[in-house]
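The next block holds one structure in the form of structure tokens; read it before the comments.
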Amino acid sequence: MKIATFNINGIGARLPRLLEWLEETKPDVACLQELKAPDERFPEMEIRAAGYSAIWHGQKSWNGVAILAREGLDLVETQRGLPNDPDPSHSRYIEAAVGGVIVGGLYLPNGNPQPGPKFDYKLAWFEALLERAQTLFASEQPVVLAGDWNVIPTDHKDDIWDARRMADDALSQPESRAAFRRLIHAGWTDAIRAIHPRGPVYTFWDYTMNAWARDAGFRIDHLLLSPAAADRLADAGVDRDTRGKEKASDHAPVWAVLR
DNA sequence: ATGCCTCGCACAGCGAGA
């Protein structure tokens with residue numbers, strides 16, 4: 001089963017690219033972030049015509065998450081919004097049981113500028129996610145937490161093209177990284193690094209600064225696997241080509257295959 | 001140090017993204 005995550009940066013502007021990507025890469029499950037649309041503007045008909053059922057948690061202008069499942073797979077919502085979400089007005093989490101796997105689709109707050117209230121919110125939201133992750137972990141089911149985590153795990157060139165340029169950014173702060181690392185220490189597996197232990201693997205390239213052409217990117221979109229899911233991990237990667245197309249999102253899709 | 005670009009909203013230019 002191939003599970004992907006893709007921050008599309010606007011379902012309205014990105015729908016043609018999204019449909020093209022679904023057709024080309026055929027994920028079984030796709031977590032989407034940054035719909036930037038209220039529930040009633042989710043293009044359910046077009047998604048269904050592409051061969052996918054969907055659940056979504058929209059919001060006007062900002063945030064918004066969805067989970068798509070290929071026809072034939074039962075998609076059963078298990079959570080909408082995080083329990084103990086510090087600000088439920090943000091639509092940042094949706095979770096479903098699909099194909100025997102629990103899939104949590106998340107859009108972690110960016111947190112800039114830091115320090116400040118937005119960074120505090122990022123850390124508070126992370127705490128609520130850690131609680132949910134602990135509950136899911138304890139279930140001993142195969143679980144995949146997939147999304148835009150807005151955390152660059154390390155300063156290594158393998159995760160970021162130039163750590164100094166991002167030193168003051170919320171994405172690379174020690175507090176953000178510590179929260180991410182707590183999941184790794186608790187036994188969650190970073191699918192990309194399990195398959196590609198070394199070498200640059202970027203998932204985001206800024207629209208500005210000619211970042212894509214210079215490969216000035218970093219890694220913030222992750223799939224974290226519970227032990228029962230990690231035992232089945234066969235492959236993982238980034239659909240870099242998607243970032244190079246016209247009218248592309250600034251994120252590329254990331255995926256993992258479970259046996 | 002700032003803007004570089006893009007999105008949504010709404011129809012100008014701004015907030016937000018990362």
Side-chain angles (χ1 to χ4, degrees), chain A residues 5-21 31-43 56-66 86-87 89-93 105-123 125-126 147-177 179-180 200-222 238 240 242-254:
Chain A
T5 178
F6 188 7
N7 181 322
I8 54 176
N9 186 17
I11 188 92
R14 210 69 59 217
L15 186 59
R17 286 286 89 84
L18 171 63
L19 297 175
E20 181 181 70
W21 169 73
C31 298
L32 307 180
Q33 301 88 40
E34 283 209 89
L35 302 178
K36 293 186 171 180
D39 281 340
E40 60 270 24
R41 291 230 197 134
F42 186 85
W56 58 95
H57 185 27
Q59 180 184 336
K60 187 180 177 184
S61 301
W62 296 304
N63 310 315
V65 287
D87 182 355
S89 73
H90 290 220
S91 297
R92 295 182 177 276
Y93 187 78
L106 63 107
Y107 177 45
L108 212 131
N110 169 299
N112 279 307
Q114 73 80 32
K118 292 195 173 183
F119 190 62
D120 295 342
Y121 172 59
K122 176 178 197 161
L123 299 180
W125 200 91
F126 220 141
D148 176 358
W149 294 69
N150 270 318
V151 176
I152 304 165
T154 74
D155 268 347
H156 197 280
K157 184 83 176 169
D158 291 352
D159 283 339
I160 180 171
W161 96 104
D162 183 354
R164 283 183 303 175
R165 287 295 296 269
M166 297 291 287
D168 295 328
D169 196 284
L171 278 56
S172 51
Q173 292 314 295
E175 297 93 332
S176 312
R177 288 173 168 165
F180 185 77
V201 181
Y202 303 153
T203 70
F204 173 91
W205 297 260
D206 202 289
Y207 286 125
T208 69
M209 303 177 293
N210 204 25
W212 168 246
R214 297 190 298 123
D215 197 21
F218 44 79
R219 190 170 77 95
I220 53 174
D221 301 276
H222 311 297
V238 176
R240 282 179 60 104
T242 303
R243 179 62 182 85
K245 301 201 172 181
E246 289 298 314
K247 295 284 286 178
S249 168
D250 38 8
H251 296 250
V254 186

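Not measured: the values here are computed from a predicted model. Sequence lines set the chain letters: A, B, ... in the order given, protein chains first and strands last, and positions in each chain run from 1.
- Set against B:dC4, B:dA16, B:dC9, the side chain of A:Thr208 has B:dC4 as its closest nucleotide.
- Looking at the side chain of A:Ser61, the nearest of the listed nucleotides B:dG8, B:dA18, B:dG15 is B:dG8.
- Residue A:Asn210 is classed as having no contact, given no heavy-atom separation below 4.0 Å to the nucleic acid.
- In this structure, A:Asp168 reaches neither bases nor backbone, as no heavy-atom distance under 4.0 Å exists between it and the strands shown.
- Of the candidate nucleotides B:dA18, B:dT6, B:dG8, B:dG8 has the atom nearest to the side chain of A:Ala13.
- Among the heavy atoms of the strands lying under 4.0 Å from A:Asn110 is at least one base atom, whether or not backbone atoms are also near.
- Closest to the side chain of A:Arg41, out of B:dG17, B:dC7, B:dC9, is B:dC9.
- Atom CZ in A:Arg92 sits roughly 10 Å away from atom C1' in B:dG17 (whole-Å rounding).
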May I have the step-by-step check of side chain to side chain contact (heavy atoms under 4.5 Å, CB included) for A:Arg17 and A:Ser249, ending in yes or no? CA-CA 9 Å; A:Arg17 286 286 89 84; A:Ser249 168; over 6 Å; no

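- B:dA16 and B:dG3 have their P atoms separated by 16 Å, with the value rounded to a whole Å.
- Rounded to a whole angstrom, the distance from the C1' atom of B:dC5 to that of B:dA18 is 12 Å.
- The side chain of A:Arg14 has B:dC7 as its nearest neighbour among B:dG17, B:dA18, B:dC7.
- With B:dG8, B:dA18, B:dC9 as the choices, the nucleotide that has an atom nearest any side-chain atom of A:Lys36 turns out to be B:dG8.
- What separates CZ of A:Arg165 from P of B:dT2 is a distance of 13 Å, to the nearest Å.
- What separates CD1 of A:Ile8 from P of B:dG17 is a distance of 16 Å, to the nearest Å.
- A:Asp221 comes within 4.0 angstrom of no nucleic acid atom, judged by non-hydrogen atoms across all strands.
- Comparing B:dC4, B:dA18, B:dC9 against the side chain of A:Met209 picks out B:dC4 as the nearest.
- Within a 6.0 Å radius of CZ in A:Arg165, no more than 12 heavy atoms belonging to other residues, nucleotides or ligands are found.
- Proximity of the aromatic rings of A:Tyr107 and A:His90 is defined here by a centroid distance below 6.0 angstrom, and this criterion is not met.
- One atom, CG of A:Asp169, and another, C1' of B:dA1, lie 16 Å apart when rounded to the nearest Å.
- Counting any heavy atom pair closer than 4.0 Å across all strands shown, A:Lys118 reaches sugar-phosphate atoms only and no base atom.
- In this structure, A:Asn9 does not reach the B:dA16 phosphate: none of its side-chain N or O atoms is under 4.0 Å from OP1 or OP2.
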Checking side-chain hydrogen bond (donor to acceptor under 3.5 Å, both in side chains) for the pair A:Lys36/A:Asn63: CA distance, chi angles, key distance, verdict? CA-CA 5 Å; A:Lys36 293 186 171 180; A:Asn63 310 315; over 6 Å; no

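- At a threshold of 4.0 angstrom between heavy atoms, the contacts of A:Gly12 are confined to the sugar-phosphate backbone, with no base atom among them.
- Comparing B:dG17 with B:dC4, their C1' atoms are spaced 14 Å from each other, to the whole Å.
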When you look at A:Asp169 and A:Asn112, which way does the side-chain hydrogen bond (donor to acceptor under 3.5 Å, both in side chains) test go after all the steps? CA-CA 7 Å; A:Asp169 196 284; A:Asn112 279 307; 2.9 Å; yes

